[in-house]
Number of protein chains: 2
Amino acid sequence: MNVTALEEYGLRCAVQLASLSEGKTLSAPEIAEREGLSIEYVSKFMLLLKRAELVRTVRGIKGGFALSRAPGEVSLKEVLDALNGRKKSGSEFCKSFTGKSESCVRFGSCSIRPFWDLLSGYVEEFTSRMTLADLIRPEEEIRDKTRSIASDHVGQMRKGEMRS
Amino acid sequence: MNVTALEEYGLRCAVQLASLSEGKTLSAPEIAEREGLSIEYVSKFMLLLKRAELVRTVRGIKGGFALSRAPGEVSLKEVLDALNGRKKSGSEFCKSFTGKSESCVRFGSCSIRPFWDLLSGYVEEFTSRMTLADLIRPEEEIRDKTRSIASDHVGQMRKGEMRS
DNA sequence: GATAATCCATACAAAAAAGTATTGTTTCAA
DNA sequence: TTGAAACAATACTTTTTTGTATGGATTATC
């Protein structure tokens, strides 16, 4: 259960853009410098984010990258999904669920499915509600928001219980 | 943010052992059959679990594997850690924290560290408290326990707030 | 325009993960 | 005591991920 390089570095690059003032852009060399990554590698991430339309670009000399939406409107889940290029994310946590049911040996009665579903449910909610804007705020505030999300999640599980 | 093959398949094999009655063992061919995996592959997982002393083995014909402790005493975190062989797990979620601080470009002020820490804190708590015995109980009960863990987690974050 | 700095795209190389094969050791049972 | 079935260990192959290199397109500036 780990974070891929693409996710980690790509997200960090996206955060760099979040603290950019309106109208400005940041070039790949600048981002690479700030994050200690190669320019080529950064370019690769940014291309993925651009294709997902999370980032807009200005070409030519003096060009660069900027978020195409306000940082508060971009969830971490969107960024992570874009970087993973639609392979697997969020609730599609486990290999037992690659889309086709044959990929899961005991699709109907997978011993670990309930576990994954419950864990990934939280992860998905957390990443969906946390935005790029949140990441550039003081740690204390990130913590507050996390508590709020976790608290809501408990509430949702209670509702689910009643429904059943 | 994905689950490795080792984690998924290895955990499923461990769960097979959890529903085994006292004194019995399950052979690699049997586990492989039940999980739809190759015998060689299953053997690989089991070796890791044995080395972590989570599993005991009986050699020779009629041999096999069994949990070395009661299923309720084996946390999923222990199993997952054993399968990952001490690479990275739990709170050491992100690549920025591979042990040596140089591996993180901006160690003191990593933009995504607070986020990872908060998310992985939940994951760690969840996997630490959930046991192999839990996974073979009805989904409803797994859900109940999850809610309980999540609820405690919110409480702990509140305490953390007061402390600061 | 020419030039330089940038994005764009894809191809390539290296490393890690996933999965298989093989060889050896143990032990039951005929 | 011999054969078969199982664990033990490691080597090997394939696939995926990670990271680099290269060639082209775009545009500000001189």
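Every chain is numbered from 1, with letters handed out A, B, ... down the list of sequences.
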Give the rounded distance in Å between these two atoms: [atom1] of [X] and [atom2] of [N].
X: Leu83(A); N: dT18(D); atom1: CG; atom2: P; value: 11 Å
X: Arg56(A); N: dC8(C); atom1: CZ; atom2: P; value: 12 Å
X: Leu37(A); N: dT20(D); atom1: CG; atom2: P; value: 9 Å
X: Ile31(B); N: dA6(D); atom1: CD1; atom2: P; value: 12 Å
X: Leu47(B); N: dT20(C); atom1: CG; atom2: C1'; value: 15 Å
X: Leu48(A); N: dC8(C); atom1: CG; atom2: P; value: 12 Å
X: Leu6(A); N: dT16(D); atom1: CG; atom2: P; value: 16 Å
X: Glu7(A); N: dG19(D); atom1: CD; atom2: P; value: 13 Å

Check: Any donor-acceptor pair under 3.5 Å linking the side chain of Lys145(A) with the backbone of Arg129(A)?
Finding: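 Yes, because the side chain of Lys145(A) sits within donor-acceptor range (under 3.5 Å) of the backbone of Arg129(A).
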Notebook entry, point to check: For Thr131(A), does its backbone N or O pair with a side-chain atom of Asp134(A) as donor and acceptor, under 3.5 Å?
Noted result: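 Yes: the side chain of Asp134(A) pairs with the backbone of Thr131(A).
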Item checked: Distance in Å, Leu135(B) CG paired with Arg113(A) CZ, rounded so as to fall on 0.5 Å steps ->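 Output value for this atom pair is 13.0 Å.
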With a 4.0 Å limit, can you tell me whether [X] has a side-chain N or O closer than that to the phosphate oxygens OP1/OP2 of [N]?
X: Ser38(A); N: dT20(D); result: yes
X: Arg51(A); N: dC8(C); result: no
X: Tyr41(B); N: dG19(C); result: yes
X: Thr57(B); N: dA8(D); result: yes
X: Lys50(A); N: dC8(C); result: yes

Margin query: Please identify which of these residues, Glu8(B), Glu7(B), Lys77(B), meets the side-chain contact (heavy atoms from CB on, under 4.5 Å) condition with Met1(A).
Written below: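 Running side-chain contact (heavy atoms from CB on, under 4.5 Å) over Glu8(B), Glu7(B), Lys77(B) with Met1(A) returns exactly one hit, Glu7(B).
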Next item on the list: Please name the residue in the list Thr146(B), Val15(B), Thr127(B) that meets the side-chain contact (heavy atoms from CB on, under 4.5 Å) test with Phe115(A).
Entry: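 So, applying the side-chain contact (heavy atoms from CB on, under 4.5 Å) to Phe115(A) and each of Thr146(B), Val15(B), Thr127(B), only Thr127(B) qualifies.
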Next item on the list: Could you pick out which residue, Lys44(B) or Pro29(B), lies toward the 5' side of DNA chain D when each is mapped onto its nearest nucleotide?
Entry: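 Closest to the 5' end, via its nearest nucleotide, is Pro29(B).
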Note to self: Taking transitive links into account, so neighbours of neighbours count too, which hydrophobic residues share a cluster with Val154(B) at under 4.5 Å side-chain distance?
What the structure shows: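 The other cluster members (ILVMFWY side chains, heavy atoms under 4.5 Å, direct or chained) are Val154(A).
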Notebook entry, point to check: With respect to the side chain of Ser27(B), which nucleotide from dC7(D), dA18(C), dC7(C) is positioned closest?
Noted result: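 My answer, after comparing the listed nucleotides, is dC7(D).
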Note to self: Strictly under 4.0 angstrom, non-hydrogen atoms only: write out the protein contact profile of nucleotides 22-30 of chain C, one letter per nucleotide from the 5' end, B, S or -.
What the structure shows: --BBBBB--
Margin query: Before you tell me yes or no, could you show the steps for Glu73(A) and Arg69(A) under salt bridge (Lys or Arg N to Asp or Glu O under 4.0 Å), namely the whole-Å CA-CA distance, both residues' side-chain angles and the distance that decides it to 0.1 Å?
Written below: CA-CA 6 Å; Glu73(A) 302 300 319; Arg69(A) 285 183 262 151; over 6 Å; no
